[in-house]
Amino acid sequence: METKRESELRLSFKVLFRNKSALVGTVLVLLYFIDAFVMQVYPKLFGITNPNSLVENFASPLPLPPSVLHPLGTTAYGIDLWSSILKAIRFDLAYTLAVVLSGAVIGVILGVISGFVGGALDEFLMRITDIVFSIPYLVLALAVGFVIGRTYTSMIFALALVWWPIYARYGRALTLSIKTLPYVDSARLYGMNGLKILFKHVVPNVLPPVFVQVSVDLGVIMPIFSTLSFIGFIPNANLPELGYLTTLGLNYLQSAPWAVIFPGAIITLFSLAANLMGEGLRDVFDPRRRSE
Amino acid sequence: MIIAAYNLKKYFPVGSPLGLGRTLEVKAVDGVSIKIPADEIVGLVGESGSGKSTLGRLITLLTKPTSGEILFDVPEGVLAEYEQALESGDADRRKAIEHDYSLLHMSWSGLKRVRRSLGMVFQDPTASLDPRMTVKDIIMEPMVETGHMNGEAARERVFELLRKVKLPEYFAYRYPHELSGGQKQRVALARAISTDPKLLVLDEPTSALDVSVQAQILALIKEIKQELRSGVLLITHNISVAYYMSNHIYVMYAGKMVETGQAKRVIKEPKHPYTVSLMSAVPVINVKKERIILRGEAPNLIFLPYGCRFHPRCPMAFEICGWTSDEVKEDLQYLLEEKYYVDEHTQITVDGRFALKIFGVSPERLKAIIEAERESVASLRAVKEMLPAEGGAAVRLYQGFEPTLKSYDGRQISCLLFETQSK
Amino acid sequence: MKLWQYIIRRLVILIPTIIGLTFIVFVLSHSGGTNLVLAEYLNPHLPASARQAEIQKLIQEFHLNQPVYIQYFYWLAAVLQGDLGYTNTPIYSGPVTHAIELFMPNTIMLSVLASIMVWLIGIPLGVWSAVRRDGVLDQSTRVGALTLYSMPVYLVAFSLVIIFGVYLRVLPFSGTANLLLVQNVSWYQGGISYPTHILIIDALLHGNYIVALSALEHLILPALSLALGSLAAFIRLLRSQMLDVLGQDFIRFVYSKGVPEKDIITIHARRNAIIVPLTNFVYLVAGLLGGVVVIESIFNIPGIGYWTTQALLNNDVGGIMGSTLIFGITLVIASLIIDILYALIDPRIRY
Amino acid sequence: MSELLTVRDLRLEFYTRRGMYKVLNGVNLSLRKGEVLGLAGESGSGKSTLGLTIMGLVADNAKIVGGDVIFAEHGNLITNAVWPDGKYVAKRGRKIIKRLNSQLLHIRGKEMTMVFQDSMTSLNPLLKIGYQIGEVIYYHNPRLLAERALARNRATREDMREVVMLLKTREERDLTRFLNEKGLGGLYEQINSIWQRPGMSEVKKERAILSLAGQRLSGFEKSVLEAVRDNKPVTNVPLYRGYRKRLLIREGVRKAVELLSDLSVPHPEKVVDMYPHELSGGMRQRVVIAIALANNPKLVIMDEPTSALDVTIQAQVLELVKRLKSKGSSIVFISHDLSVLAEVSDRIAIMYAGSIVELGETYDIVNEPKHPYTVALLGAVPTLTEKEIRGIEGEIPDLKNLPSGCAFHPRCPYVMDVCKKLKPDLITLGGKRQVACFLFGDSK
């Protein structure tokens with residue numbers, strides 16, 4: 001009898017890998033992370049010496065089509081796309097992670113507390129999220145960024161400010177549904193204090209679905225990030241960033257479509273992969289879907 | 001007496017329309033007293049919305065009562081003294097006893113000690129176990145939390161408890177979702193008794209289970225009670241289970257206690273009209289019985305009926321059960337417009353809570369109708385007098401009142417039928 | 001609860017939101033210190049000589065030397081009187097209120113058209129993709145929706161421009177109408193049409209159907225680019241809701257009643273499935289309005305979004321704050337409309 | 001003996017991520033006309049799945065492996081639903097289910113209907129009660145609705161006076177003849193419903209009947225209804241279809257009022273205008289029953305119809321079910337509660353792990369259970385006596401790996417060697433009793 005158990009971890013992997021598209025998504029996301037890691041630690045592995053800036057080649061400033069020398073061609077100012085994209089992934093991933101994680105951490109903490117404590121605090125926090133939601137997020141991010149200065153750091157700050165209410169609401173809803181469950185009642189019965197209940201019973205059950213949301217949101221933030229970059233939020237900083245790279249190619253849209261297609265595709269592909277992975281993870285964490 | 005609760009009330013506020021003005025209240029439990037002696041199983045039965053689960057939560061302090069008093073582990077002598085003090089209005093004596101025994105006035109450290117003596121099992125076996133903890137951690141939690149036992153001793157005790165609830169020891173390392181419903185409920189039971197509680201509250205412990213498993217769990221509960229000698233409150237909607245398990249029984253309806261006494265007697269020879277019809281509605285194999293089919297459904301707990309809460313459905317209701325002019329109007333309207341079809345232009349207006357005006361029908365005709373229907377339409381029994389009035393008749397009703405629990409035939413009943421009889 | 005009571009309740013809840021909205025805009029425009037406020041309210045057309053006096057006047061008017069919360073009330077009073085300061089961008093320079101009056105109609109036209117596209121395309125696709133689960137239509141819809149959902153909005157727009165504007169040459173992709181057509185039209189001046197400022201409607205009002213047609217043509221690509229991202233999100237949500245509803249007990253019961261499948265889907269399932277996408281539609285509208293900023297700049301449409309980007313690039317406080325406020329108010333009104341629609345569809349919400 | 005429904009060797013499997021579950025493992029059952037057959041079993045016994053499969057309501061991830069469901073003159077309902085051998089493919093399954101749905105379209109809701117356990121989730125929350133009842137008549141019997149409306153339109157006050165005279169003095173037969181002569185057949189059930197309503201004065205009834213006469217219809221409405229009455233094909237104009245449906249549903253709501261008042265629902269005129277959430281659980285279950293009975297079906301499958309209700313409300317609904325029996329419908333009553341079954345059913349079938357283990361007259365099953373499982377099950381039911389109850393040792397079998405031979409053998413106190421190897425057939429013992437156990441009959 002004892003032997004027939006399937007280990008939790010193995011079942012989780014089984015569920016994740018049964019879903020082919022989720023598997024593909026996970027592998028792709030991992031590739032992006034590996035690239036970022038290499039760029040951070042040892043960029044020479046990919047033959048790159050200056051991972052923090054774009055290398056312009058004013059000798060042939062017009063975009064060139066893909067060739068042996070430039071596997072993905074070049075874009076404006078003669079910038080080689082292949083190496084720039086490899087560099088840019090690290091930047092975009094870092095910015096995206098910074099936005100999503102800070103938004104998620106702040107939001108979930110506030111949401112869980114307000115759901116758990118309830119009362120006036122809860123009411124107050126929900127009104128605040130209402131207010132933030134009452135301005136289109138792109139517009140709010142623009143306005144905030146405008147006031148605190150148009151830099152990449154302020155862009156992270158602006159987007160995190162816009163994003164935390166989503167997590168606050170989500171964390172709150174999850175907390176509210178867990179708070180009334182009998183196992184929490186049972187803990188209250190023998191006198192466990194609120195803080196301990198929060199950390200022992202509520203938080204561990206809130207985190208998995210939040211984790212899924214985070215992985216999906218990685219894919220949402222990156223396009224928004226590049227969009228902000230596109231509308232000229234950041235004055236030209238010559239940083240390897242996918243949105244900026246795409247924008248560079250836009251002037252040559254008709255003559256050199258690859259200059260837009262490749263960086264654009266890299267953004268889209270990441271977003272797609274993160275979504276697929278998120279969907280797979282949702283199945284893994286949801287016991288109901290798991291057993292199907 | 002492990003628990004002696006007096007006049008417990010729990011009103012839950014609900015929003016009012018528009019979110020402005022007076023908030024409404026759901027009167028889930030409205031002035032209920034209950035006693036749970038040691039080494040006895042007390043059954044608490046009632047239909048959904050009767051407040052039985054809320055009462056269970058009040059006693060275990062999961063919900064704070066709006067008002068009332070709960071004494072915990074009182075010696076018989078002190079309890080008698082307390083009740084005497086209640087009756088005579090001796091506030092000082094009462095307060096002194098409450099100070100020593102009340103769950104509601106207890107100090108933090110006292111409460112911590114008491115927590116160890118409480119155990120509870122909930123209806124939904126799945127939701128009552130944290131899905132991310134192993135069975136061992138689940139069972140250990142109360143012991144560690146209340147300081148009952150720690151470390152190795154607690155771990156040893158987990159295995160002992162698993163044996164006690166007849167689960168194999170290796171289940172200690174499993175997660176709840178690997179267990180069947182019956183097994184989960186056994187784990188919940190093991191958790192509840194891990195601190196050797198004096199009071200065990202079981203809220204519908206078997207209603208989510210199959211009969212064959214239910215029988216096992218019920219046997220287990222009996223066994224455990226035998227061993228712990230604790231008081232058990234068994235909350236259930238299943239009368240047969242209550243009959244099988246309990247020594248004493250409480251029957252609730254719409255937040256009030258309607259009848260209480262020896263379980264076998266109350267169930268076999270119910271007296272309160274509600275209990276009578278409830279028992280008659282229980283299907284039993286091989287027993288053909290006359291059913292008393294109640295009309296209508298349990299009342300709305302926000303706008304409760306005036307007087308006795310059961311009177312609108314009661315087959316025995318009479319003059320003073322709390323009929324109001326609205327209820328009489330509805331029945332009269334039906335009689336005048338449908339059954340007797342007096343005239344198309346009859347009109348009934350409510351004139352205060354206990355008076356009506358009826359137009360378009362002669363007082364004689366009205367009187368005849370009311371007389372004829374008194375037997376079948378209970379609300380008409382409340383008609384006290386009929387006076388001719390301009391264009392019709394004016395009707396005055398008896399003013400009803402709410403019954404209280406009174407001793408009768410070896411039990412306590414809250415019904416005016418028995419109050420008047422004993423007078 | 002009656003419907004009107006529900007609506008009043010929603011309105012009451014809106015009050016703190018609107019106060020909060022104005023407060024955010026206030027904090028943003030005042031957090032940068034006095035200079036930012038002065039920049040917003042200083043009339044750019046004022047001669048240099050009058051400037052100093054004007055600055056003094058503004059400091060007096062907004063009590064900029066007093067505590068912040070007092071400044072808020074003076075600022076709010078000014079806003080309520082329709083004084084939102086000045087904007088100074090290449091496309092418009094003058095009072096913010098007037099800029100809103102000129103630009104808002106185009107934005108409304110564009111986003112309403114995009115919303116309609118989302119509904120008209122989204123509902124049938126979402127429903128049938130769920131019903132014909134795993135079929136060809138479903139697979140392609142899912143892949144398409146997911147891809148569109150993952151693409152940054154400007155990429156979507158440029159793809160459409162390339163396909164329909166450049167290669168196929170079937171649709172125009174810049175401005176609001178063919179300039180040759182409106183060159184000598186009396187009611188069209190400086191890129192703005194009169195009286196409603198919505199070119200299509202104005203053209204129809206003046207009976208100039210050729211211009212109206214041209215204006216419509218010019219709207220298709222921007223509206224579609226705007227709609228596609230939200231459309232993808234809408235389809236995904238509707239599909240998953242539809243699958244959820246199709247698995248519910250009452251659908252099984254309707255099957256047991258012998259109702260034809262087509263009617264089960266259109267009458268029973270679709271209505272229930274639409275509720276969640278409808279309540280979430282406010283987020284889609286927020287996305288649409290955000291997208292307007294990008295789309296209007298790409299397609300050169302003189303709307304609030306175009307104005308916002310111009311203000312951003314030209315460091316114009318008045319434009320940024322004015323557009324933030326007006327976007328916020330639009331979204332709040334949209335959410336009110338959605339709530340009312342929700343109450344009309346779902347009787348449970350009215351209790 | 002006329003058999004209305006025969007289930008033969010029905011086998012069904014569920015496919016999930018965790019593996020394949022054998023839910024029905026060769027069910028044999030027959031139902032006579034006008035009888036109530038109780039179907040008892042614990043969770044996982046497959047009793048609900050059996051009920052659904054008889055209706056052809058197969059889940060997306062289920063596969064019917066084999067067997068027959070033979071219903072009245074329609075023959076085997078699931079011939080086309082039996083999956084071919086080989087690997088289970090969800091897509092193929094969905095296709096087969098789709099075909100099954102269209103094939104049973106005119107049987108479900110008309111000749112065979114179902115009542116589910118949870119009345120809250122059985123009704124569409126967004127549609128009015130009146131529509132939900134009217135709909136089932138509209139789809140199966142639009143002619144009836146058209147005739148009703150047309151007859152009201154055609155009848156004159158004189159006709160109705162005659163009707164009232166006939167009702168008071170003559171027999172029902174005369175009324176039918178009179179109505180048929182006048183071409184007012186559509187009025188029959190409307191008149192009857194009014195006349196038989198309890199607690200209404202005769203004067204009022206007369207007035208109500210008289211007021212049926214001469215209801216106005218516009219020329220267009222009339223032509224639409226006449227087209228329906230004469231079974232003319234529907235013109236495929238979208239607006240016309242919608243109009244026609246609205247017209248007929250309006251009549252369906254009238255009929256819904258009659259149906260509800262037959263089920264003693266108070267104020268049926270108001271109820272048809274309400275939404276499900278405005279009704280209490282007991283009321284909703286009555287609405288569901290009204291839907292199930294609307295077309296006078298031959299067979300009603302009731303899946304735990306009272307399990308979600310309170311005892312006093314359950315008593316009301318059971319009383320209703322007993323009244324239905326007299327109306328001629330056969331009922332399969334599924335419940336986990338043997339005491340409820342003992343009260344309503346003529347015969348009881350006991351299910352265990354997807355097969356029927358015992359079947360017989362209610363009295364016999366309850367008093368002389370034969371199969372060890374039935375014995376144990378009855379021993380576990382608490383009754384209001386001093387009887388000690390006993391649970392059944394062991395766990396409900398894992399449908400993923402069923403025990404070999406008789407599925408009950410690991411828990412059976414009388415287990416023999418043969419039980420572990422062979423699965424016992426359902427054999428007939430002395431007349432009406434059937435048992436699947438090697439302890440009885442000629443064991444193999």
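To find a chain, count down the sequence lines: A is the first, B the second, and so on, and within it residues start at 1.
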Which answer fits [X], side chain, backbone, both or neither, if we ask what part of it has an atom under 4.5 Å from a heavy atom of chain C?
{"X": "D:Met114", "value": "both"}
{"X": "D:Asp60", "value": "side chain"}
{"X": "D:Tyr131", "value": "side chain"}
{"X": "D:Lys95", "value": "neither"}
{"X": "D:Leu127", "value": "side chain"}
{"X": "D:Ile301", "value": "neither"}
{"X": "D:Leu104", "value": "neither"}

Should we say atom CD1 of C:Ile340 is surrounded by more than 12 heavy atoms from elsewhere, each under 6.0 Å from it?
yes
With a cut-off of 6.0 Å (strictly less than), are more than 12 heavy atoms of other residues, nucleotides or ligands near NE2 of D:His106?
no
Atom pair [atom1] ([X]) and [atom2] ([Y]), whose distance is rounded to the nearest 0.5 Å:
{"X": "D:Asp303", "Y": "C:Asp249", "atom1": "CG", "atom2": "CG", "value": "9.5 Å"}
{"X": "C:Ser256", "Y": "D:Arg108", "atom1": "OG", "atom2": "CZ", "value": "8.0 Å"}
{"X": "C:Phe250", "Y": "D:Asp118", "atom1": "CZ", "atom2": "CG", "value": "13.0 Å"}
{"X": "C:Lys257", "Y": "D:Ser122", "atom1": "NZ", "atom2": "OG", "value": "10.0 Å"}
{"X": "C:Phe253", "Y": "D:Thr121", "atom1": "CZ", "atom2": "OG1", "value": "10.5 Å"}
{"X": "D:Asn124", "Y": "C:Ile264", "atom1": "CG", "atom2": "CD1", "value": "11.0 Å"}

Interchain contact, C:Ile251 with chain D, by part (heavy-atom threshold 4.5 Å)
neither
Contact leader toward chain C among D:Val115, D:Asn295, D:Ile291, where contacts are heavy-atom pairs under 4.5 Å
D:Ile291
If you tally heavy-atom pairs under 4.5 Å against chain C, which of D:Gln117, D:Met112, D:Lys98 wins?
D:Lys98
Nearest atoms (heavy-atom pairs only) where [X] meets [Y]:
{"X": "C:Arg271", "Y": "D:Leu126", "value": "O-CD1, 3.5 Å"}
{"X": "D:Arg94", "Y": "C:Arg133", "value": "NH1-O, 3.2 Å"}
{"X": "D:Pro125", "Y": "C:Pro347", "value": "O-CG, 3.6 Å"}

Can you check whether C:Arg348 reaches D:Tyr275 side chain to side chain, under 4.5 Å on heavy atoms?
no
Pair D:Leu105, C:Glu261 - check side chain to side chain contact (heavy atoms under 4.5 Å, CB included), show working.
CA-CA 9 Å; D:Leu105 200 59; C:Glu261 197 154 32; over 6 Å; no
Would you say D:Gln132 and C:His268 are linked by a side-chain donor-acceptor pair, where the criterion is simply a distance under 3.5 Å?
no
